[in-house]
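One structure below.
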Amino acid sequence: MSDWLSTFPGYRQALTTAKRAFGRFIQTGPTPKHVGIIMDGNRRYAKNHKIEIKEGHNLGFDSMANVLEILYESGVKCASVYAFSIENFRRSSLEVKWLMDLAKSKFQQINQHSDLCAEYGIRIKIIGNKKLIPPDVAKILQQTEEITKDNKRALLNICFPYTSRDEMTNSIKCAVDQSTIDHDFVIDEDTLESLFYTHDAPPLDLLVRTSGTFRLSDFLLWQCVSPDCSIVFVDKLWPAFTPFDMAKILFNWGFNMYWYGKGNGYSTTQISTKNFNLAEYDSNVDLNDATGSSGFQRFASSESEEAEDEDDVVTEESSQSGGVDELDTVTSEEESDSNKKGR
Amino acid sequence: NMTSSKLSDHVRNDNNTSTSLVDISADVGPSGQNSYQSESLQHPPNTIRGKTWYDVSRDLINDFRHKQMDESTSAYSSIIFYANHLVLLSLFFMISIYKNVNYLYRKMVLKFYTLTYYPNKSPQLIRDDVSKLAKIPRVISCILDLKDDDDENGGIDGLIGSISELAAWTVSAGIPHLVIYEYNGVVVENKGNLAQLNRYISKNLAAYFGTDLIPSYAIRIPHHNTVIYSSHTGKTQVNSAERDVDLEIWLLSREDGKPTIVELTKTMSELAQNNELSVNDITIDLIDEELAELVGPEPDLLISFGPSLDLQDYPPWHIRLSEIYWEPENKDVIYAVFIRALQQFSNCKVNVGK
């Protein structure tokens, strides 16, 4: 059906406008800052639809472009996509060659259309163990990084070739190396995180894996075990994953964040690495920068205040230590008390 | 491998634990003293949800009214903003209705599962369930939550009860390793809790298998490098002080995750500063070996017993290829979730990269 629809003139324009409208709409609530995507299922899709595996990968690339568009419209500052795993080198050399050729042609296109990238403001970074890339592909990828390095609006981390263990090992090696040069070098979790390939990305908020596999497959392991990261497993195969599916996931994440203070949904634990900093809590919401994180905290606190006075909103939260869930339960206990009184 | 044994020893030294395995079975055996005190712990608040429809709609309306903005924005953009926000909030409201219905449905389904999958303290029933599966994991890991004392199965007692049940199911299913991850590590805090745990596991296994055929087990706490053997273990192995057991239980907490990797890095940097280790020697395999020794084996299957998937800072290195399972809206450690996780594991296909 969508194939027939896509033959209409102006279809692309309509889609882009729809994405932009959705983006503006969802940004009035909470949105994730860093989204990771494991693009799994190209080969299975090709097999199911009786097309060549090469075609499957091509369709996968198109799907990625569409999904990235809606992500950036929704205010996501950084997207990390799992393009190629170091383990994938074990595939047949023919398939590896196809994938490398696909990368070469797509990135050459991007290089030639550098004005488009500048218009979107996307900075592309190639993440991973770059020594394993064949030299001709490496040259083109290097050019892409160079051309887009001044774009400020958003960041695209293309993990090619990447495994999380390799990233952690590299970080440990750099830390050990640094400490031999500078004996006072402090090593802690933040230091190791600053030495990751993904060090200039915000903390991971949302990880999406397609093709119904419930595994992490060595992708951003350190970042996604954090209690603030929510992991979503989707049953569809990657080439069949539409921007509408992504929109639903973003909406659900926003809802969970708004309602429960956690992107995952209702949780029985109060663990959160975010420390609620009262000083950052500004009662003026900037229209252009509406993350909506003030939304949930606002209504929870104004609830417990039972005062319509907006200036007093901040005071209630100072007695709680981090974690909006505590506020939630405080109000629910008060509610049940007042309900009892009412009856 | 000389380097690797030295490395783990160094890390353990820095953590102020002994480098040789400490066997505290005697101290915390089932007949041990009961006079240990456990410190009071900050428990999470009550998990009962107390919001009604009225509260929800009132909160949303309040939030909408209270949303302020910068004076300098134009009237047009503020109207657009309010319009969008209103649509968003009303959609959220509709979703909350759907989610509530979904929640009730899932709770009903869970109740149904609890009734159908009820092993009734019988290892044979569990064995029958498991024999229908194509494959079973070698190492199972469970993320447990410490609940508030007022909750059902709450507090440390509830946690210990859950661990004992899991131990019984694991040994009945024929799985040799069980890893328990609890964020705060309350069970390993002091010997009192460990003694209680040991007692309960013995008691529960006796209820399942009968006091004559109770399986042997070992409780390992990698962070403190201690081990507790059940009082019914067989003879010791010839070349080491360690003994063969039917079930190995590993108790992990947050410290076994990222902080242990940091400790390992610090140890390696010290060795490098003394020129005992070169940066080029640090490979994925070396770190894998070290962490396997310091934290335990990689789980094949990871079960989370919370209502939503939250990995709670689980050791990141170990879950590279673990199959992850959780039952939505489920708060308790029930056999239904355990067996459904095993069923999902038996249906999954793993091709590492290929």
Side-chain angles (χ1 to χ4, degrees), chain A residues 24-26 28-29 85 87-88 90-91 164-166 168-169 172-173 175-177 179-180 183 187-189 192 213-218 221-222 224-227 231 255 258-259 264-271 283-287 290 295 298-299 302-303 310 313 326 329 332-333 335-336, chain B residues 44-47 49-51 55 59-60 62-63 66-70 73 77-78 81 84-85 87-88 92 95-96 145 147 183 257-258 261-262 265-266 268-269 272-273 279 282-284 287 306-314 316-317 319-325 331 344 348 352-354:
Chain A
R24 263 199 310 255
F25 154 78
I26 203 171
T28 60
S85 164
E87 307 281 345
N88 288 147
R90 290 206 248 154
R91 292 188 182 172
S164 185
R165 284 191 170 186
D166 178 66
M168 290 194 263
T169 310
I172 293 177
K173 277 167 84 157
V176 170
D177 206 19
S179 71
T180 52
H183 285 241
I187 297 180
D188 58 13
E189 285 179 38
L192 285 182
T213 318
F214 289 85
R215 279 194 295 277
L216 294 170
S217 296
D218 232 339
L221 294 176
W222 180 287
C224 78
V225 290
S226 155
I231 303 176
F255 174 82
Y258 201 81
W259 217 257
N264 298 317
Y266 183 64
S267 166
T268 53
T269 62
Q270 308 303 314
I271 303 163
S283 46
N284 288 334
V285 172
D286 185 1
L287 255 191
R298 273 189 167 270
F299 88 74
S302 64
E303 168 54 61
E310 288 138 37
V313 160
E326 280 177 60
T329 46
S332 58
E333 278 167 30
E335 274 319 292
S336 47
Chain B
N46 212 306
T47 53
R49 291 152 138 164
K51 271 196 146 64
D55 310 323
D59 295 340
L60 284 174
N62 273 340
D63 165 71
H66 288 182
K67 214 160 178 78
Q68 290 179 317
M69 49 199 73
D70 212 358
T73 51
S77 33
S78 57
F81 178 82
N84 276 332
H85 198 60
V87 176
L88 187 81
F92 277 175
I95 286 188
S96 72
D145 297 330
K147 300 198 197 109
Y183 185 84
K258 300 177 185 177
I261 299 181
V262 171
T265 314
K266 283 192 201 164
M268 286 204 260
S269 71
Q273 282 170 7
V279 174
I282 303 177
T283 59
I284 296 184
I287 300 184
S308 57
L309 180 61
D310 180 6
L311 289 175
Q312 296 180 32
D313 270 336
Y314 192 93
W317 188 271
I319 48 173
R320 167 176 78 123
L321 293 174
S322 315
E323 184 79 11
I324 300 176
Y325 184 82
K331 286 188 293 186
Q344 181 181 298
C348 76
V352 186
K354 282 188 76 62

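In what follows, every chain begins at residue 1, and chains take the letters A, B, ... in the order their sequences are listed. Values in this document were obtained by computation on a predicted structure and should not be read as measured data.
Heavy atoms only, all atoms of each residue included: A/Ile187 and B/Ser269 are closest at CD1-OG, 3.8 Å. Between B/Asn84 and A/Phe25, the shortest heavy-atom contact is O-CD1, 3.7 Å. Taking all atoms of both residues into account, the shortest heavy-atom contact from A/Phe255 to B/Phe92 is CE1-O, 3.3 Å. The nearest pair of heavy atoms linking B/Met268 to A/Ile172 is CE-CG2, 3.8 Å.
Note: B/Ile319 CD1 to A/Ser217 OG = 11.0 Å, rounded to the nearest 0.5 Å. The CG atom of A/Leu216 sits 4.0 Å away from atom CD1 of B/Ile324, with the distance rounded to the nearest 0.5 Å. Rounded to the nearest 0.5 angstrom, B/Ile282 CD1 and A/Thr169 OG1 are separated by 9.0 Å.
For chain B, the nearby part of A/Leu192 is the side chain; its heavy atoms alone come within less than 4.5 Å. For A/Ser164, no part lies near chain B; criterion is any non-hydrogen pair under 4.5 Å.
Annotation: side chain of B/Ile287 is not in contact with side chain of A/Arg165 (no heavy-atom distance under 4.5 Å). For the pair A/Trp222/B/Ile261, a side-chain contact is recorded, criterion being any heavy-atom separation below 4.5 Å from C-beta on. The shortest side-chain heavy-atom distance between A/Val176 and B/Thr265 falls under the 4.5 Å cut-off. In this structure the side chain of B/Asp313 reaches within 4.5 angstrom of the side chain of A/Pro227, judged on heavy atoms. Using a 4.5 Å heavy-atom threshold, the side chains of B/Trp317 and A/Leu221 count as separate.
Under the 3.5 Å distance criterion, the side-chain polar atoms of A/Arg215 are left unmatched by any main-chain donor or acceptor of B/Arg320.
With sequence neighbours left out, B/Ser308 forms a side chain to side chain contact (heavy atoms under 4.5 Å, CB included) with A/Asn264, A/Ser267.
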